[in-house]
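Note that the numbering runs from 1 along the sequence shown for the chain. Note that the structure is predicted; figures quoted are calculated from it, not measured. First listed ligand is number 1; within each ligand, the first listed atom is number 1.
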Amino acid sequence: MRNIADQKVKTPFYGSESLDSLPLPVILISSNCILLAANKRAREVFNGFRAGEPLSNMITDSYFLEACARVFEKNEAMECEIVRTVRRKRTFQASISPFQSKEGDGAYIAIYETTAAREAERMRASFVADVSHELRSPLTTLIATIETLRGRAGANPDTRARFIELMAQETERMHGIVDDLLSLSATEAVEHILPNQTANLLPIMTNIAKVLSTKARAKGMDIVLEIEDDLPDMRGEYDELYQAIYNLAENAIKYGESDSNVTLRVDVTEHSMEIKVHNYGTPIQEKHIPRLTERFYRVDKSRSRDLGGTGLGLAIVKHIINRHLGELNITSSEEGGTTFSVTFPVMPEEN
Ligand SMILES: Nc1ncnc2c1ncn2[C@@H]1O[C@H](COP(=O)(O)OP(=O)(O)O)[C@@H](O)[C@H]1O
Ligand SMILES: [Mg+2]
């Protein structure tokens with residue numbers, strides 16, 4: 001195989017200018033893995049390009065460098081992954097295609113970024129692991145309880161009643177997880193579709209306050225509504241807005257301090273509608289705040305579980321807010337209490 005780098009031939013074809021118009025990173029190397037050209041995208045992603053120097057100056061991934069050598073050995077195209085570890089870790093798929101020309105032999109390396117796809121795959125795998133783990137613990141309790149009831153202890157009416165109650169609780173918990181998972185996937189599926197209905201937050205929040213009043217009373221709490229009677233409509237799906245605000249209000253009751261008030265408020269400005277759900281109680285530490293909308297994230301897992309939580313509520317809320325182009329802001333302090341505020345832009349009516 002002849003080597004174009006040796007021939008010091010530079011035709012416009014090899015010039016990086018003509019490659020610059022390509023939207024993907026492309027690198028051209030000679031058959032002894034010397035850099036000949038790299039387009040603008042390639043030089044942005046991988047530093048260190050200098051024509052005439054080894055490819056390894058630019059890309060250090062050893063599997064990829066071996067793959068390039070193999071392409072020339074076998075004289076056939078290959079696909080290979082590149083992991084870039086400098087700065088932020090990024091992954092790429094490279095397609096290495098050898099060519100022969102009268103000036104010499106070399107290879108084109110076309111590169112596609114796969115970082116986002118890899119991350120999505122990693123998240124999917126960890127989600128499946130999380131779901132299995134969450135369902136597994138109530139199932140383990142159920143299996144153990146059934147075993148006990150089958151044995152001699154099952155003959156005792158008191159034990160039986162206690163264990164059946166335990167089974168009911170664990171089944172309820174699994175039911176809650178499955179229901180929330182279905183809601184999560186339903187809200188995620190429509191997250192990128194703009195709502196085409198109009199809704200008014202006043203009846204939504206009044207209904208939520210009514211439905212949750214028993215729960216609030218049980219903790220000595222009152223739900224205070226601070227909403228104008230002539231609240232304008234907004235573009236949004238009634239059911240989704242109900243679900244999101246219900247989740248926030250229910251959290252305020254669950255995690256708020258007994259014998260204090262929970263406030264549901266709406267502020268209207270020219271360009272936005274801001275919902276505030278406020279409660280008093282132990283503040284949420286700063287470090288947890290950015291992670292609260294992650295699936296299954298709970299500040300205190302056992303407390304949330306005892307209160308019947310799944311850790312999916314705020315993940316669902318986040319999808320609904322995104323669909324309505326809103327923003328979630330969380331503030332929490334000892335004196336000021338905790339406020340979950342959601343700002344929705346006023347979207348123009350659809351014609
Ligand atoms: N108003 C609040 N005050 C304090 N902590 C809260 C509040 N709302 C949510 N959290 C924290 O955020 C976590 C996630 O909330 P969420 O997704 O609704 O799950 P859960 O099923 O536990 O209610 C909760 O477990 C709790 O730790
Ligand atoms: Mg919740």
Closer than 4.0 angstrom, basic N to acidic O: yes or no for [X] and [Y]?
X	Y	value
R118	E81	yes
R298	E134	yes
R43	D20	yes
E44	R41	yes
E165	R162	no

If you measure every N or O of [X] against every N or O of ligand 1, does any of those distances drop under 3.5 Å?
X	result
G313	yes
T310	yes
Y255	yes
Y297	no
L314	yes
T282	no
I284	no

Could you find the nearest protein heavy atom to atom 9 (C) of ligand 1 and give me its residue, atom name and distance? N251 ND2, 3.5 Å
Nearest-neighbour protein heavy atom for atom 11 (C) of ligand 1, which is reported as residue plus atom name and distance: L292 CD2, 4.0 Å
Does one side chain, of S272 or E274, offer a donor that lies under 3.5 Å from an acceptor on the other? no
Strictly by modelled atom types, are R84 and T115 linked by a side-chain donor-acceptor pair under 3.5 Å? no
Run through I223, N279, V277 and flag the one making a side-chain contact (heavy atoms from CB on, under 4.5 Å) with I253. I223
Test side-chain contact (heavy atoms from CB on, under 4.5 Å) applied to I27 and M58, step by step: CA-CA 10 Å; I27 297 172; M58 204 173 172; 4.1 Å; yes
Evaluate the ring planes of Y280 and H278, with Trp represented by its six-membered ring, and classify them as parallel (under 30°), tilted (30 to 60°) or perpendicular (over 60°). perpendicular
May I ask you to list the atoms of ligand 1 that are less than 4.0 angstrom from any heavy atom of G311? 17 (O), 19 (O), 20 (P), 21 (O), 22 (O)
Go through ligand 1 atom by atom and flag the ones less than 4.0 Å from a non-hydrogen atom of R298. 22 (O), 25 (O)
With 2.8 Å as the limit, count the protein N, O or S atoms near the Mg ion (ligand 2). 1
Exam field: side chain K89 to backbone V83, donor-acceptor pair closer than 3.5 Å: no
Say whether, by atom type as modelled, one donor and one acceptor occur between the side chain of N200 and the main chain of L231 under 3.5 angstrom. yes
Under 4.0 Å, heavy-atom basis, I'd like to know which part of N279 is in contact with ligand 1: side chain, backbone, both or neither. side chain
Counting only heavy atoms closer than 4.0 Å, does ligand 1 sit against the backbone of K254, its side chain, both, or neither? side chain
